[in-house]
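Only one structure is covered here, and it is reproduced in the block below.
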Amino acid sequence: MLAALQLAPYVGASVNTRWYRLTGARAILTWLATFSGSSWQERWEASPAAVSARGWADHGHIWVSSVTEVKRRSTVLSGLLLLAGADVLRLPVAWLAGHSSNHLRDFVEEVRDPAGYARLKAHVGPKRWEELGAGKARRALARILLAKGGALADITVGDAIEHHTLVRGEGGSSLFYSWLRELGDLPSDAPATLRLLGRVTGQLTTEQLVDRHGVACVPVRGLLIDYLEERRPRLDYASLDGLARHLTRNFWSDLERHHPGIASLDLPSEVAAAWKERLRTRIQRRRRLDGTVEETVVERADQAIVLMSVRALYLDIARWAAEEPARWGPWAAPCPIKEAETLNGKRTKRIKARMDQRTRERLPALETFARAALDHHRHRLACLEALRAVPRGATFTVAGATFVRTRHGADSARNAAGKLIYFDLAEHRAFWAWAAVEFLRHTGARIEEMLEASHHALVQYRLPTTGEIVPLLQIAPSKTDQERVLLVSPELADILSAVIRRVRDPKTGTIPLLAAYDYEERTWSPPAPLLFQWDWAGERSRMTGELIRKALGEVLDFIGLTDTSGPALDFAPHDFRRMFITDAIRSGLPPHIAQVIVGHSDINTTMGYNAVYPTETIEAHRAFITRRRTLRPAEEYRTPTDAEWEDFLGHFERRKLSVGTCARAYGTACIHEHACVRCSLLRPDPAQRGRLVEIRDNLLDRIAEAEREGWLGEIEGLRVSLVGAESKIGQIDSAARGPVLLGLPTPRADRHG
């Protein structure tokens, strides 16, 4: 065996390396010869080393030195690595999981499947091959090869799952799987990723939905399963999951817990009253810093939904009993919940008032928050560039803060307090926070719709009147089954362009395809070029709502924005949708157009999002519409036609002028009879400043000519135009200097207090 270990590829590159490996291997084999077994593997398993990797690491060199003269721990470890690499010994993944030395991966890459590793390195790229996450992925591959034998192409999905299960906490533990899948070494129908293994369950069957909360009465269990199966075709999975939870955990399981032996839906009045009283509250548990758990009784937020679900169960059974008496008739019983108990108008009004107040507080600060998101990303980018400009271990300063770059390969540094900060991840989160803020506030989309947006959603539309190509964004439905198309404004186009540049694969120039997991429907979507994806430890992953919310929180920490009462003014992703609708209606967009843009099936839902108009104004407007409908044709109150949409889009074409853009609202006439230089609604284009200067000089010449010729009737009009031209030039010059931040006003201290 020792003679075979001295041949290629097991010999080291240097004489010292060969000596250490062979000396350690000879000592280990000599020690293993003292144990019984017909092979070296059986002798290893009979030794105390096979029981615990930690025991071998701490005492292995002592055990070996008892029968040999080798006493150095590093020599013994080198010998074991040589024996495992030559398949003399097979070390299980669980045993190898305790070893994180880079010598493990370097040795395996040297002696096992050099051609496969060369192909993998060419695919990954030399730069990424040396990164911290890639190093952990290479160590994972080394463990699998030492435990299972063979080459990289022989690794199976089961091998990858076993390693990921045993070494889940180590970063990069799933990156190696993505590499093998991209190389084609794994079957095409293999799972898309290992990162979500154990955290995603897929859609449960109806029996599983009922049994997860425990229903002791077998007949009632069968009834609930039968009822949910009857409702399942008309519900999406998230709604079915919620309905099953309300009927089992919140209703029947609660009754069985407090009334053992109950087996009928015909509830006595005192039983029904006690259940409703228990349903009013729930126990909220919070863990303190000292480890104890604090329990607080709070009002249940979904009480009305549970009552409606249970009432629907009783009424559905009563209605179906008339159609199928043998199947549903035995379960028909008086409903213990009256219709008045499900009417929750007061709570709905409280929620509406709270959401309106939330929107009113955040809408004035929207521009400030959006600017802070951009400044935050610029700050993080400057920190990352400063870190990469200094050698490892060096000290650098950014924005008055001092950091020390770490010595390993990651883009990380420690601040003055010793806290480790990963600058590349911080820059990633800052960029996606800025991109999410701009996307949500310019589209009014839901967060799940934003995360599902793909490169294929960007389409072009040619206007039939002028032939101009207009960019459009298709929004996939999240709550309704109706897709919608949004006009891409220049601001939104800039954001999408930055996102595309960010996620594009530098080697192929294309956006990588990702199979995303829908946490609501518990299904995997087909691979698509999703826009909101990022590099997670070297592995492409779809953005999650949790990540977006965390990134928005970092922007708030950066700016320190507070509301009028003092607490931090947090921004949730859905706040941008409410602010979009409120601002659109306040700016004059008809509510039925806003309804189509945001994808609401009912205009009342759109009006519910509007937080500017008081209730009296909405009711008066509805009364006016009702009176007008009696006088005007009913077909006017409908979904806009294609011609109306084309007219709406054409409005933006007719606003383009030689010196800028007209900002008048849709459906309004020009109030200055197209004397654009005089009009306050003209937004001058900085690129046309020279043209405005020519207009101003021409007006001066015409005024001088009118004064010479005595044309007093023209002088006054020319001077008005001159003032307008000079005003537009002044607007361009002031905008070039950038905005002036005035800060937030602070109350003046009372001099007499």
Side-chain angles (χ1 to χ4, degrees), residues 100 102 121 123-140 169-176 178-179 193 195 372-437 495 498-507 511-512 514 530-544 546-555 557-558:
S100 59
N102 291 337
K121 183 177 181 179
H123 170 75
V124 175
K127 181 179 179 181
R128 175 157 292 186
W129 187 256
E130 300 298 332
E131 292 180 352
L132 181 62
K136 294 179 179 180
R138 292 161 56 191
R139 187 161 57 243
E170 182 177 89
S173 59
S174 63
L175 177 57
F176 74 94
S178 299
W179 287 353
T193 179
R195 263 198 324 111
L374 178 59
D375 294 340
H376 180 236
H377 175 241
R378 289 174 175 171
H379 169 70
R380 291 299 185 185
L381 182 60
C383 291
L384 181 60
E385 292 175 347
L387 177 139
R388 291 176 174 174
V390 300
R392 297 174 184 174
T395 302
F396 63 98
T397 303
V398 180
T402 303
F403 303 92
V404 178
R405 184 175 181 180
T406 55
R407 296 185 179 278
H408 56 74
D411 288 327
S412 59
R414 296 188 182 275
N415 58 14
K419 181 181 179 182
L420 181 64
I421 303 174
Y422 288 92
F423 280 50
D424 52 347
L425 296 180
E427 190 273 337
H428 273 305
R429 288 195 299 269
F431 172 84
W432 289 115
W434 168 74
V437 168
I495 301 304
V499 169
I500 292 174
R501 291 196 303 269
R502 185 82 173 194
V503 302
R504 196 187 299 274
D505 191 330
K507 295 188 296 184
I511 296 180
L514 290 183
L530 300 178
L531 296 180
F532 282 80
Q533 59 174 273
W534 76 323
D535 191 332
W536 188 87
E539 182 179 3
R540 288 284 180 173
S541 175
R542 192 191 79 159
M543 208 83 47
T544 62
E546 180 182 359
L547 175 64
I548 295 297
R549 293 180 180 89
K550 180 179 179 181
L552 294 180
E554 292 179 352
V555 176
D557 295 339
F558 174 77

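In this text the structure is predicted, and so the values were computed from the model without any measurement. Because only heavy atoms are used, hydrogens play no part in the values below, and waters and symmetry mates are left out as well, while side chains stay in.
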With rounding to the nearest 0.5 Å, note down the distance linking [atom1] in [X] to [atom2] in [Y].
X	Y	atom1	atom2	answer
Arg549	Thr544	CZ	OG1	8.5 Å
Leu384	His379	CG	NE2	11.5 Å
Leu547	His428	CG	NE2	11.0 Å
Leu175	Ser541	CG	OG	11.5 Å
Leu387	Ile421	CG	CD1	10.5 Å
Met543	Trp534	CE	CH2	7.0 Å

Please name the pair of heavy atoms, one in [X] and one in [Y], separated by the smallest distance, quoted to 0.1 Å.
X	Y	answer
Gln533	Pro512	NE2-O, 3.2 Å
Val404	Gly393	CG1-O, 3.9 Å
Ala435	Ile495	O-CG2, 4.0 Å
Lys419	Asn415	N-OD1, 2.8 Å
Val437	Ala373	CG2-CB, 4.5 Å
Phe423	Ala413	CE1-CB, 3.8 Å

Donor-acceptor pair, side chain of [X] and main chain of [Y], under 3.5 angstrom:
X	Y	result
Thr406	Ser412	yes
Arg405	Pro391	no
Arg138	Trp129	yes

Answer with yes or no after comparing the ring centroid distance for Phe176 and Trp179 against a 6.0 Å cut-off, counting only values under it.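 They do not qualify: ring centres at least 6.0 Å apart.
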
Return the orientation label for the His377 and Trp434 ring planes: parallel under 30°, perpendicular over 60°, tilted otherwise.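 It falls in the parallel class, under 30°.
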
Is there a side chain to side chain contact (heavy atoms under 4.5 Å, CB included) between Leu530 and Val503 once you walk through the steps? CA-CA 9 Å; Leu530 300 178; Val503 302; over 6 Å; no

So Val499 and Trp432, side chain to side chain contact (heavy atoms under 4.5 Å, CB included) or not? Walk me through it. CA-CA 9 Å; Val499 169; Trp432 289 115; 3.9 Å; yes

For Glu554, salt bridge (Lys or Arg N to Asp or Glu O under 4.0 Å) partners two or more places apart: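 Applying salt bridge (Lys or Arg N to Asp or Glu O under 4.0 Å) to Glu554 gives Arg429.
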
SB check Glu427 Arg502 (cutoff 4.0 Å):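 Arg502 and Glu427: salt-bridged.
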
Quick one: are Ile500 and Ile511 in side-chain contact, heavy atoms under 4.5 Å?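 Contact flag for Ile500/Ile511 side chains = yes.
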
